[in-house]
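Numbered from 1 within each chain, the chains take letters A, B, ... in sequence-line order. The basis for the numbers below is simple: all heavy atoms, side chains too, and nothing from hydrogens, waters or symmetry mates.
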Number of protein chains: 2
Amino acid sequence: MEMWYTEEQTENVRFSIRCDRQRYSAESDFQRIEIFSTPEFGDVLVLDDRIMLTEKDEFIYHEMITHIPMAVNPDIKNVLVIGAGDGGTVRELTRYASIENIDMVEIDRMVVDACKNYLGFVSCALSDKRVHIYIDDGLRFVRGVDNKYDLIIVDSTDPIGPGEGLFTSEFYGNCYNALNSSGILVNQHESPYYQSYQRAMKLAHKKILDLFPICKVYQASIPTYPSGHWLFGFASKKFHPIHDLDKAKWEALGIKTKYYNTRLHEGCFALPTYVEDILRQYEQTN
Amino acid sequence: MEMWYTEEQTENVRFSIRCDRQRYSAESDFQRIEIFSTPEFGDVLVLDDRIMLTEKDEFIYHEMITHIPMAVNPDIKNVLVIGAGDGGTVRELTRYASIENIDMVEIDRMVVDACKNYLGFVSCALSDKRVHIYIDDGLRFVRGVDNKYDLIIVDSTDPIGPGEGLFTSEFYGNCYNALNSSGILVNQHESPYYQSYQRAMKLAHKKILDLFPICKVYQASIPTYPSGHWLFGFASKKFHPIHDLDKAKWEALGIKTKYYNTRLHEGCFALPTYVEDILRQYEQTN
């Protein structure tokens with residue numbers, strides 16, 4: 001028997017992965033959670049029919065969402081991570097001895113538990129003493145928090161289903177308030193290539209741009225995400241993601257990475273013209 | 001009825017595209033040639049069950065294989081393009097008024113004819129007066145050519161089937177000889193992500209590295225190629241791809257591009273650590 005997981009990346013495009021077996025399948029209050037074991041990608045986490053991570057390439061997403069802000073401000077001590085129930089972002093953060101506190105807010109306890117039970121490679125740092133897990137709605141959690149965090153990472157799912165509230169002006173406004181005066185916000189920005197993802201990218205970019213004085217978009221190649229071309233938003237009240245990068249300081253930390261490096265840090269903010277045009281056009285017309 | 005084109009990117013990964021209709025299908029002496037019309041990507045050219053180009057994203061590949069060398073040496077006048085029967089690389093080259101001669105060598109006349117008849121968006125410049133099309137084996141064509149070209153672009157298919165001879169030491173050695181003292185070679189380098197493509201990348205990199213004093217690899221996001229993460233090799237007897245870039249001079253040409261820009265030119269040579277490691281490791285051990 002052959003078993004394939006097929007994702008409809010758009011109504012006209014399908015991405016299929018051969019599976020050895022299904023390791024976990026459950027319906028939580030929020031979404032369908034599935035874990036497959038595959039020969040090409042190792043274990044794969046799927047939420048509501050969308051690949052969230054694979055063992056083979058999750059390092060790309062998690063390194064790029066974490067080390068970019070950390071290399072810009074190595075004095076970050078207090079971090080809020082929203083979403084990211086799998087623990088991958090937290091794992092990368094715990095590699096910095098200088099970080100004192102990581103609050104992680106995930107709406108779906110069953111995602112955290114499934115990753116703890118089945119995906120140790122990504123959830124391994126959730127038991128770190130500095131990590132505090134809150135099972136709560138990220139939108140509600142940041143409401144009313146003031147001037148507290150050095151860094152907020154929004155590691156959301158797509159803006160449909162449980163991740164929907166995380167793409168609103170109210171949410172980003174609350175994040176702005178929850179950051180201190182040197183605060184950095186990093187947001188997973190979806191992809192510029194397929195229409196539905198491009199819409200989400202514009203939505204996030206516009207809302208963050210309205211709030212933060214510094215707002216830049218960077219990219220990575222993540223093969224198991226639709227189009228493989230993924231974007232992140234870097235926003236800050238104070239720090240410029242390239243001008244304020246201290247390469248030597250980050251390199252002195254000796255953190256071994258598989259995707260991120262300080263040359264790539266500078267390079268990844270150089271976007272294709274068609275992406276620049278979309279971002280710029282949207283700024284002007286909406 | 002639903003019609004889907006499915007590509008086996010590896011034996012464990014499939015990429016499927018909904019098709020409206022098949023516009024062309026033929027078996028040449030070298031390969032199977034198919035053209036589909038699709039709602040997501042427009043017209044799609046498939047050779048031996050591998051997507052060569054789509055109307056939606058061919059601009060990425062063709063801009064990146066062409067404008068990188070042209071921006072490094074805007075005095076390029078005499079160009080050899082090997083493979084590239086679709087005409088996309090030639091189309092980008094003809095946008096430079098300064099180019100005097102473009103020799104294009106394609107082994108398969110039926111590819112050229114099919115693209116001329118069905119894919120005008122990509123073959124449109126094949127009738128340019130400066131373009132000379134030779135239906136020949138690229139390996140044979142460059143043999144014995146000496147000190148002639150300013151630029152050779154190897155726009156090959158994968159190193160199986162008709163493209164196989166283009167991944168050999170003999171071929172790259174002949175390219176070296178066919179270039180003049182300021183010559184540049186650009187080679188499509190496959191992808192680092194899936195094993196079989198990674199093998200081809202190493203093969204090309206090692207062979208070119210043995211010949212040219214300057215040899216750098218750069219990347220682009222091409223959604224319809226396996227993994228979406230694609231590499232190119234830039235090699236030269238004289239020019240460094242970043243140090244010798246004259247941004248102002250290229251920008252003064254006023255060539256409108258959708259992917260390439262001079263900021264991205266610098267950024268695209270910053271590779272992920274795992275790709276750097278593969279390239280470096282291979283250099284040392286083979």
Test your reading of the model: is there a side-chain donor-acceptor pair from [X] to the backbone of [Y], 3.5 Å cut-off?
X	Y	result
B/Asn12	A/Cys19	no
B/Asp277	A/Lys258	no
B/Arg18	A/Glu11	yes
B/Arg263	A/Pro272	no

side-chain contact (heavy atoms from CB on, under 4.5 Å) assessment of B/Phe15 paired with A/Val13: CA-CA 7 Å; B/Phe15 184 68; A/Val13 181; 3.5 Å; yes
If you measure from [atom1] on [X] to [atom2] on [Y], what distance do you get to the nearest 0.5 Å?
X	Y	atom1	atom2	answer
A/Glu7	B/Ser16	CD	OG	12.5 Å
B/Glu40	A/Tyr193	CD	OH	7.0 Å
A/Glu276	B/Leu264	CD	CG	8.0 Å
A/Arg14	B/Thr6	CZ	OG1	8.5 Å

More than 12 heavy atoms of other residues, nucleotides or ligands under 6.0 Å from NZ of B/Lys247: is that the case?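 Yes, NZ of B/Lys247 has more than 12 neighbouring heavy atoms, counting only those of other groups under 6.0 Å.
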Let me know if [X] has heavy atoms under 4.5 Å from chain B in its side chain, its backbone, both or neither.
X	answer
A/Glu266	neither
A/Phe59	side chain
A/Glu2	side chain

Between B/Phe41 and chain A, with a heavy-atom cut-off of 4.5 Å, which part of the residue counts as in contact: side chain, backbone, both or neither?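 B/Phe41 touches chain A through side-chain heavy atoms alone.
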With a 4.5 angstrom heavy-atom cut-off, could you sort out which part of B/Gln9 is near chain A: side chain, backbone, both or neither?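 Just its side chain gets close to chain A.
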Taking every non-hydrogen pair under 4.5 Å, which of [options] racks up the most with chain A?
options	value
B/Gly228, B/Ser221, B/Ser191, B/Pro226	B/Ser221
B/Pro223, B/Ala220, B/Cys268, B/Gly267	B/Pro223
B/Ile222, B/Asp57, B/Thr38, B/Ile60	B/Asp57

Minimal non-hydrogen separation, A/Thr273 against B/Asn261, with atom names: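 Heavy atoms of A/Thr273 and B/Asn261 come nearest at OG1-ND2, 3.1 Å.
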Testing the basics here: between A/Lys56 and B/Tyr194, what is the closest heavy-atom pair and its distance to 0.1 Å?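 Minimum heavy-atom contact is NZ-CD2, 4.1 Å.
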